[in-house]
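Okay, so here's the structure we're looking at.
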Amino acid sequence: MFQAPRGTADLLPEEQKYRRYIESRAVALAQSYGYGRIDSPVFEDAGLFVRSVGEGTDIVEKEMYTFEDRGGDLVTLRPEGTAPVCRAYLEHGMHNLPQPVRMYYFCPVFRYERPQAGRFRQHHQFGVEVLGDPNPAVDAEVIELAWRLMHSLGLTDIRLFVNSIGDKESRPAYVQQLKSYYSERYENLCGDCRNRLDRNPLRLLDCKVLGCRAMGEEAPRSVDHLDPDSLDHWERLKSYLSAMQIPFEVDHRLVRGLDYYSRTVFEIQPEEAGAQSTICGGGRYDGLMEQLGGRPTPGIGFGSGLERLTLNLKRSGVEVPDLPAPSYLVANVGDAARLPALELASRIRQAGAGAILSSGTRALRGQMRQANALGIPYVVILGDDEIGRGEVVIRDMETSTQQTIPTAEFLQSLASDY
RNA sequence: GCGAGCGUAGCCAAGAGGCCUAAGGCGCCUGUCUGUGGCACAGGAGAUCACGGGUUCGAAUCCCGUCGCUCGCCCCA
């Protein structure tokens with residue numbers, strides 16, 4: 001027997017309501033902020049991600065699904081959502097559109113990792129990007145959108161963390177300070193952090209080991225080493241968030257694992273934070289477009305994992321509406337009713353209503369049971385008697401009442417309803 | 001890549017060397033109710049006890065290996 005590959009999952013019909021709920025809320029919100037949907041390919045030139053996400057990152061080093069296609073091109077299954085959107089912006093000359101360009105997306109994301117709670121090799125993200133505006137008001141807008149989305153979904157026990165990690169001019173000096181701070185305390189570092197010291201010093205800050213955490217509290221803070229422009233950006237962002245009454249916490253240890261971030265970074269986590277708990281993460285990436293060969297174009301965005309959102313919806317007991325069942329099940333009794341039942345079901349659908357045709361191979365009782373189990377509100381009953389008289393029985397399953405009416409009249413009522 | 005736990009019908013599971021031709025529950029099908037659902041009762045289908053090897057007179061049960069799943073670390077949505 002075949003199984004779904006490790007780290008992948010089937011999203012079965014009974015689970016779809018969560019996905020559809022999240023999608024409809026997210027779309028409504030994104031549209032109200034003026035974002036347009038973009039769908040980019042599932043795979044891209046491998047170089048796109050190496051260039052944008054960064055050589056030294058875990059994603060590029062060991063998590064990408066990269067393969068040579070039959071034509072000899074090296075392609076990669078999308079490991080994150082931002083780079084493809086930036087590529088599309090450049091490829092389609094979107095700098096000619098009114099700036100900034102606001103876009104949102106839903107897409108599958110692939111990373112070769114060991115799966116665990118809230119982590120998959122294929123997962124799905126909702127994300128937004130705003131390209132072409134350096135103003136901190138845009139940072140605030142994106143964060144507000146993320147915050148409102150969580151609330152719109154019914155996730156209210158959440159915390160927003162923000163930080164500024166400076167831009168590419170001011171960061172090297174800060175990183176240097178951080179390195180010397182930790183180097184002086186090398187003896188007390190955990191094994192992982194000793195390795196990280198050279199590779200990615202920023203990551204030392206969010207180590208979970210107790211001793212390292214304590215050191216992180218005392219470590220030099222990026223916000224104390226911002227250049228004047230970045231500092232101004234940071235201060236304005238905070239005042240904008242306050243003005244919008246969005247409760248944020250400055251987390252000096254918040255850095256992020258992708259190289260392209262600059263200045264603003266942020267995350268949203270549920271109150272009861274577990275290991276893989278971040279349900280939304282993003283930040284500004286002003287240098288990215290240049291990295292990809294475009295003219296300097298500022299950008300900011302976030303990604304949010306649909307599987308993690310679903311997990312949290314269930315955990316916090318949010319009531320998600322059921323997807324609508326068809327209004328009618330056409331039950332039929334006896335061979336003579338088979339064809340008329342098929343025709344009737346077809347007519348109901350043409351009139352714009354939903355109908356399931358019962359195969360009629362079992363007793364009426366069984367067909368009624370099926371209608372009940374499927375949550376169908378009305379059963380249309382068709383047997384020899386009804387056909388002889390040109391009538392149908394319409395049974396209301398909720399009230400357990402039924403009426404016999406001429407078929408033509410029934411179809412007419414549908415036409416006026418839909 | 002590293003560490004831990006777990007694999008018995010579609011799902012949840014009892015069982016801990018012979019009483020297992022594997023309990024029970026959910027779900028599914030049928031009937032009680034010859035053309036009328038939910039409830040109840042009765043019956044039925046559905047399991048190479050993850051796979052391979054070993055120990056033993058005898059293995060779902062003990063040992064070894066393999067595979068798979070889950071959880072944690074790393075990293076991230």
Side-chain angles (χ1 to χ4, degrees), chain A residues 1-9 12 14 22 53 56-64 78-82 106-127 146 150 190-193 195-196 199-200 203 206-209 254-258 267-270 274-282 301-312 329 331-334 337 358 360-387 393-402 404:
Chain A
M1 284 268 278
F2 290 107
Q3 278 179 284
R6 169 176 292 172
T8 68
L12 301 174
E14 68 218 54
I22 295 169
V53 175
T57 59
D58 278 20
I59 289 181
V60 170
E61 253 177 24
K62 52 189 189 191
E63 295 177 359
M64 295 205 307
R78 167 178 48 218
E80 61 99 37
T82 299
F106 290 92
C107 67
V109 172
F110 304 86
R111 287 179 207 163
Y112 187 84
E113 306 177 273
R114 287 297 298 268
Q116 64 190 71
R119 196 176 66 193
F120 308 90
R121 288 185 174 177
Q122 176 181 348
H123 76 278
H124 302 263
Q125 286 190 16
F126 166 72
M150 299 308 147
C190 71
D192 285 333
C193 282
N195 291 329
R196 279 189 280 234
R199 280 188 42 212
N200 198 344
R203 298 227 62 89
D206 67 347
C207 181
K208 275 99 192 164
V209 176
L254 175 61
V255 294
R256 292 186 52 75
L258 289 68
E267 279 185 11
I268 294 175
Q269 293 184 10
Q276 311 297 328
S277 56
T278 299
I279 51 178
C280 178
F302 70 76
S304 190
L306 304 188
E307 284 81 358
R308 287 189 188 173
L309 288 175
T310 301
L311 191 70
N312 280 279
L329 180 138
N332 54 102
V333 186
S358 170
T361 51
R362 45 175 140 179
L364 177 61
R365 177 187 166 68
Q367 300 181 51
M368 300 290 291
R369 274 190 184 164
Q370 190 186 20
N372 187 62
L374 294 175
I376 290 172
Y378 301 99
V379 173
V380 181
I381 301 167
L382 211 53
D384 293 341
D385 299 350
E386 288 78 15
I387 289 167
V393 173
I394 309 295
R395 181 173 180 83
D396 184 327
M397 297 296 277
E398 196 171 336
T399 60
S400 297
T401 58
Q402 62 190 50
T404 306

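To find a chain, count down the sequence lines: A is the first, B the second, and so on, and within it residues start at 1.
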Under 4.0 Å between any heavy atoms, over every strand shown, what does [X] touch: base, sugar-phosphate, or nothing? Just pick one.
{"X": "A/Gln122", "result": "nothing"}
{"X": "A/Glu63", "result": "sugar-phosphate"}
{"X": "A/Gln3", "result": "sugar-phosphate"}
{"X": "A/Ile381", "result": "base"}
{"X": "A/Asp58", "result": "sugar-phosphate"}

Starting at atom [atom1] of [X], determine the distance to atom [atom2] of [N], rounded to an integer number of angstrom.
{"X": "A/Phe106", "N": "B/A77", "atom1": "CZ", "atom2": "P", "answer": "17 Å"}
{"X": "A/Arg121", "N": "B/A77", "atom1": "CZ", "atom2": "P", "answer": "18 Å"}
{"X": "A/Arg114", "N": "B/C69", "atom1": "CZ", "atom2": "C1'", "answer": "10 Å"}
{"X": "A/Gln116", "N": "B/A77", "atom1": "CD", "atom2": "C1'", "answer": "13 Å"}
{"X": "A/Leu258", "N": "B/C75", "atom1": "CG", "atom2": "P", "answer": "13 Å"}
{"X": "A/Lys62", "N": "B/C75", "atom1": "NZ", "atom2": "P", "answer": "8 Å"}

**Message:** Output one letter per nucleotide in nucleotides 6-11 of chain B: B when a protein non-hydrogen atom lies under 4.0 Å from the base, S when only the sugar-phosphate is that close, - when neither is.
**Reply:** ------
**Item:** nucleotides 26-34 of chain B: protein proximity per nucleotide (B base, S sugar-phosphate only, - neither; heavy atom, under 4.0 Å)
**Value:** ---SSBBB-
**Message:** Reading RNA chain B from 5' onward, which residue's closest nucleotide shows up sooner: A/Tyr112 or A/Phe120?
**Reply:**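 Per heavy-atom nearest nucleotide, the more 5' residue is A/Tyr112.
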